[in-house]
Amino acid sequence: MTGKMLKPLKTLSAGLLLAISVSLPQLATAAGNATGQTVFANDTVTLRSDALMLSDLFSGLPAEKDARIGDAPLPGEDLVVRAGTLQHLAEAHGIDWSPSSGRVRVIVEREGRAVPLQMVRLAIEERLTEDYIADRVEVDITNRRLTMMVPSDMDPEVKVETLDYNSRSQRFAALISVPIGNDKSLRARIQGEVHAVIEVPVLNRHAGPGETIRESDIVWTAMQARRSNHNTVTSPDQIVGMSVRRPISAGSVIRRTDVTPIQLVRKGDLVTMVFQTSLMTLTLRGQALEDGARRDSIRVKNLGTGKIVVGSVTDAGIISVAGPRIAMN
C-alpha cells in the first residue's frame, strides 16, 4: 500500500533533544493487526541510507505495511518525529497504533563522516595555483567552524565551484560543493587568507646539545613565508657541520641561534700552518692565538720565527695561510 509522503520534519540539535522529558512507554494496543503482533514506536533509530521508512519509526510493523515516507536527515544530523505526526502516519497507513501520551516521539539520526578541513584547504590551494598563482601557497580558512558531513559509506570529495582571489589583500572567497549521493550536494561559502610557502631544512631526528648536524640528518618541510625571519634557517649550509646549542625536535623549524659553529681550534693549541698551490704544499708549526671554527680567520704565531700571521681554519688543527713568504717571515 502506498502511503502519503511525510512533510519535512524539524531538525533539532543535540542540546534541544536533551531538553525533552523522558517519554512514557511507547506501547500501543494493536488488536486490529492481521498478524496479531504488537506495534511499538521506536525511541531512537540510526539510518545509513537517504530514505526514511515507516519501519524506521515503528517496530513490529507487518512487511506489507512498510513504505517510504520521506527523506532521511542529512548525514550527521537528526530529526524528531512527534506523537501527532506518528499518529497521522499510523492512520494513513492503516496501522492500529496510537500514542500513550503526547510526549511520545522518535529520534531519527543519520550516520555520517566529517569532511576534513584539510581536504577543503587542499582543494582551494589547487584551484588557486591553477588559476591565479604560480608559486606554492597555503590558505587559512576564516570560518573554521565549518562542518560538512557525507554518508558514512562515502569517501568525501570537495569541488571548488567558484573562486575569487584578491592579490592585493591576499584574500579569497570560494563556493565549494560536496556530493552526498543521489545527485545531491552540500554547498558552503568559504573565506580566508592566502600565504606564500617556502621550503626549509629540518632534522629527521631529535638532536641534543653538543651533537653535530650531518647532511644525512636533513629533510625539507614547507612553512608559510610570513612565519620566517632573519633567524630562520633556510639553507642546509647554515646548519650542516654545526653543533647543536639547544634541543631541536624532528621536523621543527630551526633557528640560527639553535646551532653554533664547532670550534676546530682552541686558543693555545699547536696547529699546522699550510700554504698550498698547484705546484707545492708548505707546512709550518704554529700556535693558535684565538679560538676558531671552520672558515674563521684567526691569528696564529709561527713557532719558528715568532711572526704572527692571520689564517683561515680549514679543519681541526689546520690553518690555511695566504702565502709562503707571509708564513715564513
Side-chain angles (χ1 to χ4, degrees), residues 6-18 44-53 56 68-81 106-167 169-199 220-227 251:
L6 181 67
K7 295 182 179 180
L9 300 175
K10 183 177 181 181
T11 299
L12 300 181
S13 66
L16 289 177
L17 289 175
L18 290 176
T44 302
V45 61
T46 301
L47 306 181
R48 298 193 65 185
S49 69
D50 63 351
L52 178 60
M53 306 295 292
D56 294 325
R68 176 174 177 145
I69 54 174
D71 293 335
L74 292 175
E77 296 186 0
D78 53 50
L79 58 81
V80 176
V81 186
V106 180
I107 300 172
V108 181
E109 301 173 341
R110 175 81 179 278
E111 286 188 352
R113 57 190 298 190
V115 179
L117 195 59
Q118 180 63 12
M119 182 177 288
V120 177
R121 290 194 187 99
L122 291 175
I124 293 173
E125 289 167 4
E126 183 177 348
R127 182 67 175 271
L128 281 167
T129 55
E130 286 178 356
D131 295 351
Y132 294 99
I133 306 170
D135 299 326
R136 183 177 174 182
V137 295
E138 284 185 357
V139 299
D140 283 339
I141 295 176
T142 304
N143 42 338
R144 294 183 180 180
R145 293 184 178 180
L146 171 74
T147 301
M148 303 182 77
M149 306 282 286
V150 300
S152 56
D153 57 352
M154 282 187 64
D155 292 326
E157 179 183 347
V158 178
K159 178 182 178 182
V160 181
E161 295 193 356
T162 63
L163 177 68
D164 294 321
Y165 170 63
N166 187 317
S167 59
S169 65
Q170 301 291 297
R171 297 190 62 85
F172 74 89
L175 175 64
I176 65 169
S177 62
V178 175
I180 58 172
N182 293 330
D183 296 325
K184 297 179 181 178
S185 295
L186 300 177
R187 288 178 170 79
R189 295 195 177 276
I190 309 294
Q191 300 86 35
E193 300 176 341
V194 181
H195 305 286
V197 169
I198 60 174
E199 296 279 334
W220 292 86
T221 192
M223 69 175 296
Q224 293 181 6
R226 69 188 180 98
R227 301 187 184 277

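Computed from heavy atoms alone, side chains included, the values below leave out hydrogens, waters and symmetry copies.
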Could you give the distance from CG (L47) to CD (E111), rounded to the nearest 0.5 Å? 8.5 Å
Side-chain (Q170) to main-chain (S167) donor-acceptor, under 3.5 angstrom: yes
Answer yes or no: does atom CZ of R226 have more than 12 heavy-atom neighbours from other residues, nucleotides or ligands under 6.0 Å? yes
Euclidean distance, L117 CG relative to I141 CD1, rounded to 0.5 Å: 4.0 Å
Given side-chain contact (heavy atoms from CB on, under 4.5 Å), test L128 with E126 step by step and report yes or no. CA-CA 5 Å; L128 281 167; E126 183 177 348; over 6 Å; no
Under 4.0 Å between a Lys/Arg side-chain N and an Asp/Glu carboxylate O for R110 and E77? no
Within the distance-only criterion (no hydrogens, no angle test), does the side chain of N143 pair as donor or acceptor with the backbone N or O of L146 below 3.5 angstrom? no
Shortest non-hydrogen pair, F172 vs I124, comes out as CE1-CD1, 3.7 Å
T142 versus Q191, side-chain donor and acceptor atoms under 3.5 Å: no
For a quick test of reading the model, state the closest non-hydrogen atom pair linking V197 to V137 and the distance between them. CG2-C, 3.6 Å
Nearest 0.5 angstrom please: M53 CE to R68 CZ, how far? 8.0 Å
Do T44 and V106 come within less than 4.5 Å of each other through their side chains, counting heavy atoms only? no
Minimal heavy-atom distance between L163 and Y132, with the atoms involved, is O-OH, 3.0 Å
Hey, mind stepping through E125 and R136 against salt bridge (Lys or Arg N to Asp or Glu O under 4.0 Å) and telling me if it holds? CA-CA 8 Å; E125 289 167 4; R136 183 177 174 182; over 6 Å; no
Can you measure from CE (M154) to OG (S152) and round to the nearest 0.5 angstrom? 10.5 Å
Which pair of heavy atoms, one from S185 and one from P179, lies closest together, and at what distance? OG-CA, 3.6 Å
Over all heavy atoms of both residues, which pair between D56 and A51 is shortest? Give the atoms and the distance, please. OD2-O, 3.9 Å
Report the distance from atom CE of M148 to atom CG of L186, rounding to the nearest 0.5 Å. 5.0 Å
Among E161, K184, K159, which residue meets the side chain to side chain donor-acceptor pair (under 3.5 Å) test with S177? E161
Output for pair (T129 OG1, D135 CG), nearest 0.5 Å, gives 10.0 Å
Are R113 and D155 close enough for a salt bridge, meaning some N to O gap below 4.0 Å? yes
